[in-house]
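First comes the structure, then the notes that go with it.
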Amino acid sequence: QTNSPQEFVTFLTQVFLGCCAILWHLTADWQVWWPSDSEGAGKVSLLKKVPALKDGDFTLAECTAILLYLSRKYNTPDHWYPSDIQKRARVDEYLSWHHTNIRANAPKTMWIKVLIPLFTGQPLPSEKLQEVMEGLSTSLKQFEERFLQDKAFIIGSEISLADLVAIVELMQPVGVGCDIFEDRPRLREWRRRVEDAVGKELFFQAHEMILNIKELSNIQIDPQLKEQLAPVLMKMLK
Amino acid sequence: QREHRTEEFRKVNVLMKVPALKDGSFTLAESVAILLYLAQKFKTPDHWYPSDLQKRARVDEYLSWQHSNIRMKGSKLFLCKVKPLCLTNQVLRTFATEELNTALKQFEEKFLQDKPFIAGSEISLADLVAVVELMQPVCAGYDLFEERPKLKEWRRRVEEAVGKQLFQEAHEGIMNIKSLTADQTQPWWEPCQVLGTPGH
């Protein structure tokens, strides 16, 4: 339930970011790390409406910050965010680059193919998608050649937060029928390894919303809300 | 006065804009990654990247958000090579897009709030990164601090904190790295490799 157009847009955006945190939340064996009740430690919950994690009175936004916070708080296995400063720097390097590259493009595929048409009632011109796919192509090339190279995972032989953050964004075009893994065998293999490392069931559970996003096209939206949101959504494409 | 201020920020700018860091055979790009690496390698005073989980998370939160917000909206706008000196602040202000203004508003209301610095009572990497980005429009001639007293005060605090400490630590950092590299004649801060990082 949302009350305003802004909240709805935030909700949709954060669901996707939330996938990242969810994936993390589920992969860390937090049953083991969960502080006992007697310690009175706060509950950690994901607020999908407000783009944040809430831990007692402490609220935190930004997927990367959330992942780092959880990994430190729950002392998750070292490979997620290595203590070796050079390996760690590679994760930081990827996370930094990711923002202005993959993250700038991949989610737009969902907006263009499903979410914006949902509100405007019309599909967008194909050039829009083409533009985004071209940008994404360039980013993917850099991703393969500069970050992944011939390694199993981004920073080496073990999976880390960098791979998680990357995969969640890259699954978005897949969810709307732009399978970016199709012509990219190296990326496809990397994805398979990430799925295996996370666990197939968990992986698909975390991406359920993204992979079924087309079902959103069938929902009815209040015409007034449509009118309010359409221009806001169009702005997002710029 | 003004020259001194500009000089300080030029120095900070040089440090922040190193496109790549080379530490022996280890090369690293992305300014945020470089800052974090240096802070951890040289065990700089805790406040730069606090060990307290929640304070650290605040720094991470800002460093993450700034990529697609202040950085893109601020820098892109002022990449123009022509800096006509005759244009007044008033005129330049009209070029400031709604997006930059929104980003600045968010910065004040969400990240800074009523605290002296982003993470709380002490300066951190988040403030450094923020001040360098926000100084770009200023250096291009648009003083965005002029009508924003809260930001102006914050900037003053950062200047004070940076003035004494940063250069001392940078000097120490340089001395440390120099002792690690075989080539003693190459200062670490000289851009030795441009990796074409977007945004730099």
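Chain A is the first sequence line, chain B the second, and so forth, proteins listed ahead of strands; every chain is numbered from 1.
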Please table the atom pairs, donor to acceptor, closer than 3.5 Å between any side-chain atom in residues 114-121 of chain B and protein atoms at least two apart or in another chain.
unit_1, atom_1, unit_2, atom_2, d
Lys115(B), NZ, Phe111(B), O, 3.0
Lys115(B), NZ, Ile118(B), O, 2.7

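Looking at His99(A) and Gln66(B), their side chains never come closer than 4.5 Å, going by heavy atoms from C-beta outward. Under the 4.5 Å side-chain criterion, counting only non-hydrogen atoms from C-beta, Tyr37(B) is not in contact with Asp92(A). Residues Arg58(B) and Leu60(A) meet the side-chain proximity criterion, which asks for heavy atoms closer than 4.5 Å.
The OG1 atom of Thr64(A) sits 7.5 Å away from the NE2 atom of His67(B) when rounded to the nearest 0.5 Å. Rounding to the nearest 0.5 Å gives a distance of 9.0 Å between CZ of Arg88(A) and CG of Leu36(B). Rounding to the nearest 0.5 Å gives a distance of 8.0 Å between CD1 of Ile34(B) and CD of Glu93(A). Here the OG atom belonging to Ser64(B) is positioned 9.0 Å from the CD1 atom belonging to Ile66(A), to the nearest 0.5 angstrom. Atoms CH2 and CD, from Trp65(B) and Glu62(A) in turn, are 8.5 Å apart once rounded to the nearest 0.5 Å. Here the CD-OG1 distance, from Glu30(B) to Thr100(A), works out to 6.0 Å after rounding to the nearest 0.5 Å.
Ala33(B) and Ala89(A) make their closest contact through CB-O, 4.0 Å (heavy atoms, listed as atom of the first residue, atom of the second, distance). Nearest heavy atom pair, residue Ser96(A) against residue Val32(B), reads OG-CB, 4.3 Å.
Dense packing is recorded around NZ of Lys151(A), with more than 12 heavy atoms of other residues, nucleotides or ligands lying under 6.0 Å away. Counted within 6.0 Å of CG on Asp57(A), heavy atoms from surrounding residues, nucleotides or ligands total 12 or fewer; the atom is thus considered open. Remark: Lys150(B) NZ is packed, more than 12 non-hydrogen atoms of other residues, nucleotides or ligands lying under 6.0 Å away.
For chain B, the nearby parts of Ile85(A) are the backbone and the side chain; heavy atoms of each come within less than 4.5 Å. Contacts between Leu53(B) and chain A at a heavy-atom distance below 4.5 Å involve backbone atoms as well as side-chain atoms.
Under the rule for a ring pair (Phe, Tyr, Trp, His ring centres under 6.0 Å), the partners of Phe147(A) that lie at least two apart in sequence or sit in another chain are Tyr94(A), Trp97(A).
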